[in-house]
Amino acid sequence: MTTYTATVTVRLKRGVLDPEAETTKRALERLGFELEALHFTERYEVDLDAADADEAEARADEMAERLLANPTIHDYEVAVAEA
């Protein structure tokens, strides 16, 4: 077994309201920053033992599907690297 770090990045799908990002964007604009858009993103890093990178990715993908992301409103990406 090898230890891998799976990074799961979760963001809202296009068209889904993102009130946290909108509030932060307005605050940044009040501070003088010019922005086109701002998006809130969550990133999870999971260290896990797996036989290979494909297995680690499959397990992280299942974690995202079952808990870390809501597939109805979120898109997510999984990246795996040897720890």
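Below, each value reflects all heavy atoms present in this structure, side chains not excepted, and no hydrogens, waters or symmetry copies.
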Over all atoms of both residues, closest heavy-atom pair of Arg11 and Thr9: NH2-CG2, 3.4 Å
More than 12 heavy atoms of other groups within 6.0 Å of Leu31 CG: yes
Side chain to side chain contact (heavy atoms under 4.5 Å, CB included) between Met63 and Val8, worked out: CA-CA 9 Å; Met63 291 176 199; Val8 181; 5.9 Å; no
Nearest-0.5 Å distance that lies between atom CG in Asp75 and atom CG in Asn70: 11.0 Å
Side-chain heavy-atom pair Thr7, Glu45 within 4.5 angstrom cut-off: yes
Residue pair Ile73, Lys13: steps toward the side chain to side chain contact (heavy atoms under 4.5 Å, CB included) verdict: CA-CA 6 Å; Ile73 62 170; Lys13 290 183 176 187; 5.8 Å; no
Salt bridge (Lys or Arg N to Asp or Glu O under 4.0 Å) pairs, two or more places apart, involving residues 61-73: Glu62-Arg66
Interatomic distance, Thr41 atom OG1 to Glu20 atom CD [nearest 0.5 angstrom]: 10.5 Å
Spacing of CG belonging to Asp52 relative to CD belonging to Glu82, to within rounding of 0.5 Å: 10.5 Å
Straight-line distance of Phe33 CZ to Leu38 CG, nearest 0.5 Å: 12.0 Å
Backbone N/O of His39 and side chain of Lys25: donor-acceptor pair under 3.5 Å: no
Linked, directly or transitively: Phe40 and Val10 (ILVMFWY side chains, under 4.5 Å): no
Atom pair CD (Glu34) and CG (Leu28), whose distance is rounded to the nearest 0.5 Å: 12.0 Å
N/O donor-acceptor pair under 3.5 Å between Arg59 side chain and Asp49 backbone: yes
Fellow cluster residues of Met1, listed by chain then number, with links counted only when side-chain atoms sit under 4.5 Å apart: none
Ala53 backbone acceptor or donor facing Tyr4 side chain under 3.5 Å: yes
Nearest atoms (heavy-atom pairs only) where Val16 meets Leu12: CG1-CD2, 3.8 Å
